[in-house]
Protein chains: 2
Amino acid sequence: MRKLTIGLVGYGNVGSGLVQFLQKKKNFIKNKFQVEFAFKAICDKTIPDRKPAVPEGTLLTADYKELLKDPEITTIVELIGGVHPAREIILDAIKNGKHVVTANKSVISSHGKELFEQAQAHSVNLLYESSVMAGVPSIKMLSEGLAGNKFNAVYGIINGTCNYILSEMTSKKLSFAQALEQAQKNGFAESDPTLDINGMDSAHKIAILVNLAIRKFINLKEIHTEGIQHISHDDIEHAERLGLTIKLLAIAKRVHHELEVRVHPTLISKDHPLASINGVMNALYIDADPMGKILMSGEGAGQMAAASGVVADLINLASRSEKTAPRFFCNTHAESTEMQVIKIDQIMTKFYLRFMATDKPGVLAQIAGVLGKYDVGINSVTQNVHNKAATVPVVMLTEFAPEQMVRQALEEIHKLPIARGKPVAIRMEKLS
Amino acid sequence: MRKLTIGLVGYGNVGSGLVQFLQKKKNFIKNKFQVEFAFKAICDKTIPDRKPAVPEGTLLTADYKELLKDPEITTIVELIGGVHPAREIILDAIKNGKHVVTANKSVISSHGKELFEQAQAHSVNLLYESSVMAGVPSIKMLSEGLAGNKFNAVYGIINGTCNYILSEMTSKKLSFAQALEQAQKNGFAESDPTLDINGMDSAHKIAILVNLAIRKFINLKEIHTEGIQHISHDDIEHAERLGLTIKLLAIAKRVHHELEVRVHPTLISKDHPLASINGVMNALYIDADPMGKILMSGEGAGQMAAASGVVADLINLASRSEKTAPRFFCNTHAESTEMQVIKIDQIMTKFYLRFMATDKPGVLAQIAGVLGKYDVGINSVTQNVHNKAATVPVVMLTEFAPEQMVRQALEEIHKLPIARGKPVAIRMEKLS
């Protein structure tokens, strides 16, 4: 029987879930893996008096350094989230020779390079399965399960809040505001949902996946990130009629010798497996060479889902010999310097465009004229039957066009006398 | 740079694919994982003179014992398939202190217990990722990715040939024989497709998954196995009208403290993600506690897909310290003795039933009467508009009923004077 003595930093939702998980499944894990876990000490800044209480015999402290001083504690589990002081605590743990397991996407995406270098230098492991899709083993899939494959593209529905909101807007014909309220009421959105709905949460996660795919932490600022705040129910309905559905996709793909990394609402075919990933479910759709297309989906957030990913890391850690240096895939990657992220202006995509315009003859010709001037080809046009409304929608799907040209065309169209309101532009993605 | 020296046994389709894979991706793997692979010797019973040739400097032999004698070879890759002599070669390799990587579902499902015990006794690893879904990392997912979870149920579409045939029958309105011919023409079915279409291939694979889930190799004879040979296009059409689709599912689930393990054509809702897994794609749908539902899909067969799983095993192996005893999850499971497989007679399922009967008044009453006698509840009945045909189909969906009672009822109905032909019965499964 192997024993792993843990110091836990952060006793909030996931932290207390983890303790519960390991208490409840103690015998199951002992029998199945011959591993026993003990929480020797728990650190929480505001020592919690809420239930559940800490396990008997566990030290409760507000000073994480007490955990690092204890030689019996071999592993620190960091569950406080955010960049600071998480980064400092993890570094401190590593320098004290402790293995670290974390669920913290912010610190891994922003300081991963430094943290993994330090972990390697101090011969400890730094594991982070829960940071992307909680207990759905996306990290292990990319780093180990598909080891040897070259990743051509990764498409992720990796924010449950956004996916829930978009699903509700679609199935129940709600506005964004109504669906957000619903999400908050059902516990699927924080009271301050900014980082979820503005796409930043997905950007953090795709940065982690990109590192696994090409072994390079890109700067978060290089990821073009748009949220779902501006998606209107009208666009969902127009899309439906065109056989499309709107998802917040995190996209990373190789284009020649460069890299596209972006997060934005995306129109995909309703027939694609990702289109049927609804509610709080997350999914990854990977195009790998030679494995082809791989899909993985499951609940990518929540107390027990996050705890599950941490437990998998802990069991994996315990299965390794303690004396040998860490050779986990997650932190042995060499940095790949040659791949650069393409600026969003320079990418080519197809667009869904919606213009609101006055209902006059010649409107279509004017809009099409401007698009033509910027070399933006039009694939289809839909002008719905209009019942003498002063303003009517003109919906167009474009051919592949450079982002920059589309934007310039939209600005010019916006200034036309016939234009009513800002044009809507949503990128389309063909996922074969 | 770590070096792994390999002896390959079996230089057929997958074997030569593996050699190609590692030659083509040599630099990629070196840079990404700091690992180098060398094939020191290749054994093939009929020394192949076909292309591709063996790598330069590689010994080609018909005697596998030459590979075992070489102290530089630390790892044997077994790709000959079948139970014998694969079992003997693997055992011999283990006893000579070599790690073994295999893609062989037959030998793992039938002799896994013995092989893993020997591997553990001799402190070597025995890895087998490719044995279930080729390079789609199902083994790693169950054993490591979801470590700590309790598996309530595993549903698999794990035979590409059958899934291709059923998909073609559905989308192109082909008969079984036509679709099989198509599959053979396109290289998706062997010239002797027996083991695929009779469900045995899926039975082997679900046995391996059951061991990962509950740490017990069940006897293959305990798996109730039916193939797809008897599926007619009529039933696919009736099912479609009821919002259902037919898949060959391998099913393993806990029912109270027992286990149901079975392989058979199964009607599932068209809305379920598994229903959209078409063609040669494979999928696993897992119900785990606490992770809930997890779906994983991809191409589960083919030369490069199989090679990809073997490469993942080799890279994982190389990432482990060579001196330490193997603690991979795949072979450290303790045997769980208490779980027993329920006999098929005793399980409860819902059924789709189709009776061909003479078109006379009172037919329905007679059939329903017999079902009632055996306590088989009827959920719905469909009798299609009949244009004076002498024989008409009566399609029924039952409530949950014991298998044994349904069979007895069907035998009795078959003997009714109104019956024309043997009743068709296809189990239904509700996958939430």
Side-chain angles (χ1 to χ4, degrees), chain A residues 2 21-22 25 28-29 31-34 129 134-141 144-150 215 271 273 276-277 281 283 286 288 290-299 304-305 307-309 311-316 318-321 323-325 327-329 332-334 336, chain B residues 2 17 21-22 25 28-29 31-34 129 134-137 139-141 144-150 215 271 273 276-277 281 283 286 288 290-299 304-305 307-309 311-316 318-321 323-325 327-329 332-334 336:
Chain A
R2 178 160 299 204
F21 188 125
L22 288 177
K25 301 240 176 185
F28 173 77
I29 290 173
N31 289 335
K32 189 159 182 180
F33 299 103
Q34 285 92 56
E129 182 63 81
V136 184
S138 55
I139 305 288
K140 192 165 271 286
M141 165 101 129
E144 301 179 34
L146 297 172
N149 276 263
K150 181 175 169 186
R215 343 174 281 292
D271 295 334
S276 60
I277 304 298
M281 298 302 271
I286 299 166
M291 272 309 294
K293 311 298 194 301
I294 308 260
L295 175 72
M296 184 183 217
S297 83
E299 221 171 290
M304 279 304 156
S308 173
V311 169
D313 278 344
L314 288 170
I315 293 175
N316 282 290
S319 85
R320 295 261 157 174
S321 150
K323 294 281 173 244
T324 52
R327 294 189 55 86
F328 269 44
F329 301 104
T332 57
H333 292 171
S336 162
Chain B
R2 178 159 300 202
F21 188 124
L22 289 177
K25 301 239 177 186
F28 173 78
I29 291 172
N31 290 335
K32 188 158 180 180
F33 299 104
Q34 284 94 56
E129 183 61 83
V136 184
I139 306 288
K140 192 165 270 287
M141 165 99 130
E144 301 179 32
L146 297 172
N149 276 261
K150 182 176 171 186
R215 338 176 282 294
D271 296 335
S276 59
I277 305 299
M281 298 300 273
I286 299 167
M291 272 310 294
K293 309 301 193 298
I294 307 261
L295 176 72
M296 182 182 221
S297 82
E299 221 171 290
M304 279 304 157
S308 173
V311 169
D313 278 344
L314 288 171
I315 294 175
N316 282 289
S319 85
R320 295 260 158 172
S321 152
K323 293 279 172 249
T324 53
R327 294 188 56 84
F328 269 43
F329 300 105
T332 57
H333 292 170
S336 161

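In what follows, chains carry the letters A, B, and so on, assigned in the order in which the sequence lines appear, proteins first and then strands, with residues in each chain numbered from 1. Computed from a predicted model, the values in this text were never measured in an experiment.
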Asker: For the interface with chain B, which of A:V136, A:I29, A:D271 has the highest count of heavy-atom pairs at distances below 4.5 Å?
Answerer: A:V136
Asker: Given heavy-atom pairs under 4.5 angstrom as the criterion, report whether the side chain, backbone, both or neither of B:S297 touches chain A.
Answerer: both
Asker: Sort out for me which of B:K150, B:M141, B:E299 touches chain A most, counting heavy-atom pairs under 4.5 Å.
Answerer: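 So the answer, after comparing B:K150, B:M141, B:E299, is B:K150.
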Asker: Tell me, please, whether A:F21 has A:K25 positioned over its six-membered ring: NZ or CZ under 6.0 Å from the ring centre and within 45 degrees of its axis?
Answerer: yes
Asker: Just jot down the side-chain contact (heavy atoms from CB on, under 4.5 Å) partners of B:K293, sequence neighbours excluded, or say none.
Answerer: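 For B:K293, the residues satisfying side-chain contact (heavy atoms from CB on, under 4.5 Å) (neighbours in sequence not counted) are B:Y285, B:D287, B:S432.
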Asker: Which one wins on heavy-atom pair count under 4.5 Å against chain B: A:L22, A:N149, A:L146?
Answerer: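 Top count of heavy-atom pairs under 4.5 Å with chain B: A:N149.
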Asker: Sort out for me which of A:P290, A:G298, A:A288 touches chain B most, counting heavy-atom pairs under 4.5 Å.
Answerer: A:P290
Asker: For A:K140, is there an ion pair with A:E129 - N to carboxylate O distance below 4.0 angstrom?
Answerer: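 Salt bridge flag = no for A:K140 with A:E129.
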Asker: Could you go through B:M304 and A:M291, starting from their C-alpha distance and side-chain angles, then the distance that decides it, and tell me whether this counts as side chain to side chain contact (heavy atoms under 4.5 Å, CB included)?
Answerer: CA-CA 7 Å; B:M304 279 304 157; A:M291 272 309 294; over 6 Å; no
Asker: Rounded to the nearest 0.5 Å, how far apart are CD1 of B:I294 and CE of A:M296?
Answerer: 7.0 Å
